[in-house]
Amino acid sequence: MTAGRMPPRVRIAPSPTGDPHVGTAYVALFNYAFARRHGGSFVLRIEDTDRARSTRASEEAIYQALRWLGLEWDEGPDVGGPHAPYRQSERSAIYARHAAELLRKGAAYRCFCTAARLAELRERQKREKQNFGYDGLCRSLAGGEAEQRAAQGEPCVVRLRVPEGGSTTVPDLLRKPVVIAHAEIDDQILLKSDGHPTYHLANVVDDHLMGITHVLRAEEWIPSTPKHVLLYQAFGWEMPVFCHLPLLRNKDRSKISKRKNPTSLDWYRDGGFLPEALCNFLSLMGWNPKDGSEVFGLERFLAEFEPEAINTTSPVFDLDKLEWLNGEYIRALAPAALAARLQAFLRRDLDAERLARIVPLIRERLKTLARFDETAGFFYAAELPLERALFQAARGLSDADRATALAVALALIEGAPAIEPQSLEAALRDLARARGWSAGDLFMCLRIALTGKTATPPLIESMAVLGRETCSKRVRAALELLAR
Ligand code: GLU
């Protein structure tokens, strides 16, 4: 997209209800990338028109999650900016003024229909299998009469007067223009009876007043766009470029939902995903570099991304793939950097020197930071919960052999001045050969005794980190268990 001569201004406009949604991060990422690539501005606007469901805690959580991902905004409720306030609940007077303008122009009208009448209308439309929508009863009220009734305090809403006959064309950067007959468009409520705006009015007014040039938002807003186009025309404003991003989907292709996928960004942060991996993953949901690579940093996305290249076929949000990608990012970190991430994530004071020795051993296996305890917990455990049945994994050995194997290995461990991986491994292999055991079985017995698990980081190197004393203590405990 050529951004024109003026740098673009883009925005995200999340509603602060519930947990910060992964869809918000996805849309934020694409807007952020577009703004950064063209030296434009990225605005964060809080759309809290749903007063009952919006909370400050949710707003705060959105900020934290986006900052965690590194998607900083240039203007927003918390950082201010030339178009403040950026929270819709603080802009009521602006919307009322604009609703009045539409009333004056005849592009909107007051509707006094009661909730009971609207419910009845809905019932009738349902019975007659018609589309739901307002039937236009109040469209023909004379302006003077309507203003008088409103002035006398009769509750009313303000509705968009969708022109009769004709159609509206909705342009979209990624799609062919869609032509919608006006008969298909409902006379949308713009201002509720409590004087607060609906999404449609507030969204269009703000996008205009905030100088938004490109609206990159999720596909689910396509059905609202004809109403927005009519509003821009009614105000006589230039429209932004609309670009609807493909919706994230569950594996079964339904719209991403909590039931089938974790949708809260907090879940990903607390689950030990790296923000850069999640950003990479989310950018893949609508874009691929030309060379087909899948692992690329934000820098590259910012440098190469153009909205025209967005792939509109519904991207599947595949958690397994995200885990794989996260593992790639974890492995790409230098050991010291990974150790620092782990310290920060676990908020535990892990002995830095020891951690630096552990990290290279677990890096290959670690899919998320949160799996640290599962993977490396045995290095820290005071006592290992051991199960006798586990030793059956050393399949080629009898019970008696397993005990012998541990006893002989114990002698080796205790006889050496220190655990020196190379010589210890050679000695263990010699031992297995001499006894006619497979080295694998011998190592398995030791692995279980030392870690309580059958699959672990490299054993001998782990033994060196555990130290001679811990190793001998654990092998003794295992021998006692086997002797019972
Ligand atoms: N408040 C809407 C949301 O929650 C904004 C949609 C738009 O970007 O226009 O996603």
Side-chain angles (χ1 to χ4, degrees), residues 1 10-15 17-34 65-66 69 71 169-180 184 199 203 214-229 240-265 267-268 271 273 275-296 298 300-302 304-326 328:
M1 178 165 8
V10 294
R11 68 2 175 230
I12 52 160
S15 299
T17 56
D19 290 338
H21 200 277
V22 71
T24 300
Y26 163 64
V27 175
L29 174 68
F30 280 76
N31 276 284
Y32 174 84
F34 182 53
L66 293 177
L69 284 166
L71 305 174
T169 303
V170 181
D172 188 307
L173 185 76
L174 303 175
R175 297 166 178 82
K176 290 203 186 80
V178 180
V179 182
I180 317 260
E184 301 291 317
Y199 155 72
N203 188 271
H214 299 76
V215 169
L216 276 65
R217 66 180 166 200
E219 205 169 42
E220 63 188 310
W221 300 101
I222 289 180
S224 299
T225 312
K227 294 169 186 171
H228 299 179
V229 172
V241 173
F242 290 108
C243 172
H244 289 95
L245 302 172
L247 215 55
L248 304 181
R249 304 206 174 251
N250 299 313
K251 272 190 180 161
D252 63 6
R253 305 253 151 202
S254 55
K255 176 183 159 186
I256 193 164
S257 64
K258 256 198 253 184
R259 273 186 308 117
K260 298 183 181 159
N261 254 312
T263 54
S264 166
L265 289 168
W267 186 90
Y268 293 93
F273 287 89
E276 54 270 50
L278 186 54
C279 277
N280 185 159
F281 178 72
L282 289 174
S283 48
L284 283 171
M285 296 287 98
W287 184 81
N288 281 98
K290 290 212 172 74
D291 65 6
S293 49
E294 298 211 287
V295 187
F296 52 86
L298 189 57
R300 175 148 183 214
F301 183 50
L302 298 193
E304 296 178 18
F305 164 69
E306 282 300 345
E308 284 92 346
I310 291 174
N311 182 353
T312 52
T313 44
S314 1
V316 172
F317 195 96
D318 179 350
L319 209 48
D320 294 335
K321 179 152 181 187
L322 173 57
E323 281 203 346
W324 164 78
L325 204 52
N326 204 55
E328 292 286 307

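The figures that follow rest on heavy atoms only: side chains count, while hydrogens, waters and symmetry mates do not. Because the structure is predicted, anything quoted here is derived from the model rather than measured.
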S.K.: Is it true that a side-chain atom of Asn280 and a backbone atom of Glu294 form a donor plus acceptor pair closer than 3.5 Å?
M.R.: yes
S.K.: Is Cys279 close to Phe301 at the side-chain level, that is, under 4.5 Å between some pair of heavy atoms?
M.R.: no
S.K.: For Phe30 together with Phe305, are the ring centres under 6.0 Å from each other?
M.R.: yes
S.K.: Between CG of Leu282 and CG of Leu245, what distance do you get to the nearest 0.5 Å?
M.R.: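 The distance works out to 11.5 Å.
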S.K.: Could you tell me which non-hydrogen atom of Thr169 sits nearest to which non-hydrogen atom of Val229, and how far apart they are?
M.R.: O-CG1, 4.0 Å
S.K.: Which heavy atom of Lys251 sits nearest a heavy atom of Asp320, and at what distance?
M.R.: NZ-OD2, 3.4 Å
S.K.: Please report the interatomic distance CZ(Arg300) to CG(Leu302), rounded to the nearest 0.5 Å.
M.R.: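 Taking CZ in Arg300 and CG in Leu302, the distance rounds to 12.5 Å.
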S.K.: What's the verdict on side-chain contact (heavy atoms from CB on, under 4.5 Å) for His21 and Ser264, showing C-alpha distance, side-chain angles and the deciding distance?
M.R.: CA-CA 5 Å; His21 200 277; Ser264 166; over 6 Å; no
S.K.: Side chains of Thr263 and Asp19: donor-acceptor distance under 3.5 Å anywhere?
M.R.: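 Note: Thr263 and Asp19 side chains miss the donor-acceptor criterion.
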S.K.: Taking the side chain as every heavy atom from C-beta outward, state whether Pro307 and Phe34 have any pair of such atoms under 4.5 Å apart.
M.R.: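 Yes. Closest side-chain heavy atoms under 4.5 Å.
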S.K.: Between Asn250 and Phe317, is there a donor-acceptor pair closer than 3.5 Å when you use the side chain of the first and the backbone of the second?
M.R.: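 Side chain of Asn250 to backbone of Phe317: no pair is present.
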S.K.: Are the side chains of Leu248 and Pro315 in contact, using a 4.5 Å heavy-atom criterion?
M.R.: yes
S.K.: Compare every heavy atom of Asn31 with every heavy atom of Leu216, then report the nearest pair and how far apart it is.
M.R.: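 Nearest pair, atom of Leu216 first, then Asn31: O-ND2, 3.0 Å.
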S.K.: Under 3.5 Å, side chain of Glu219 to main-chain N/O of Leu247, donor-acceptor pair present?
M.R.: yes
S.K.: Would you confirm whether Tyr26, through its side chain, and Gly286, through its main-chain N or O, come within 3.5 Å as a donor-acceptor pair?
M.R.: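 No, because the side chain of Tyr26 does not come within donor-acceptor range (under 3.5 Å) of the backbone of Gly286.
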S.K.: Over all heavy atoms of both residues, which pair between Leu69 and Ala25 is shortest? Give the atoms and the distance, please.
M.R.: CD1-CB, 3.5 Å
S.K.: For a side-chain contact (heavy atoms from CB on, under 4.5 Å) check, start with the C-alpha distance between His244 and Leu174, then their side-chain angles and the critical distance, and finish with the verdict.
M.R.: CA-CA 7 Å; His244 289 95; Leu174 303 175; over 6 Å; no
S.K.: Asp172: what forms a salt bridge (charged side-chain N to carboxylate O under 4.0 Å, His left out) with it, not counting sequence neighbours?
M.R.: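 Only Arg175 meet the salt bridge (charged side-chain N to carboxylate O under 4.0 Å, His left out) criterion with Asp172.
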S.K.: Can you see which heavy atom on Ser283 is nearest to which on Leu29, and at what distance?
M.R.: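 Heavy-atom minimum between the residues: N-CD2, 3.5 Å.
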S.K.: Check the pair Ile12 / Leu66 against side-chain contact (heavy atoms from CB on, under 4.5 Å), numbers first and verdict last.
M.R.: CA-CA 11 Å; Ile12 52 160; Leu66 293 177; 3.7 Å; yes
S.K.: Do Trp287 and Ile310 make a side-chain contact, defined as non-hydrogen atoms from C-beta onward lying under 4.5 Å apart?
M.R.: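 In short, these two side chains do not touch, never coming nearer than 4.5 Å.
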S.K.: For residues 309-318, pull every pair meeting side-chain hydrogen bond (donor to acceptor under 3.5 Å, both in side chains), keeping only residues two or more places apart or in separate chains.
M.R.: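 For residues 309-318: Arg249-Ser314, Asn311-Thr313.
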S.K.: So Pro262 and Leu319, do their side chains get closer than 4.5 Å, heavy atoms only?
M.R.: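 Answer yes - side chains close enough.
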S.K.: Taking the ring centre of each residue, are Trp324 and Phe281 less than 6.0 Å apart?
M.R.: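 Centroid separation for Trp324 and Phe281: 6.0 Å or greater.
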S.K.: Are any side-chain N or O atoms of Ser293 and backbone N or O atoms of Pro289, one a donor and one an acceptor, separated by less than 3.5 Å?
M.R.: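 Pair absent, no side-chain N/O of Ser293 close to backbone of Pro289.
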S.K.: Within a strict 4.5 Å, meaning less than it, do heavy atoms of the Thr225 and Arg217 side chains meet?
M.R.: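 With C-beta onward as the side chain, the pair touches.
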S.K.: Verify side-chain contact (heavy atoms from CB on, under 4.5 Å) between Phe273 and Leu265, making sure each step is shown before the conclusion.
M.R.: CA-CA 10 Å; Phe273 287 89; Leu265 289 168; over 6 Å; no
S.K.: Would you give the length of the straight line joining atom CG of Asn288 to atom CD of Glu304, rounded to the nearest 0.5 angstrom?
M.R.: 11.0 Å
S.K.: Should Val215 and Trp221 count as side-chain neighbours, where that means a heavy-atom distance under 4.5 Å?
M.R.: no
S.K.: What heavy-atom pair brings Arg11 and Ala13 nearest, and what distance separates the two atoms?
M.R.: NH1-CB, 4.0 Å
S.K.: With a 4.5 Å heavy-atom cut-off, do Leu322 and Tyr268 have their side chains touching?
M.R.: yes
S.K.: Distance from His214 atom NE2 to Phe242 atom CZ, nearest 0.5 Å?
M.R.: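 One finds 11.5 Å between NE2 of His214 and CZ of Phe242.
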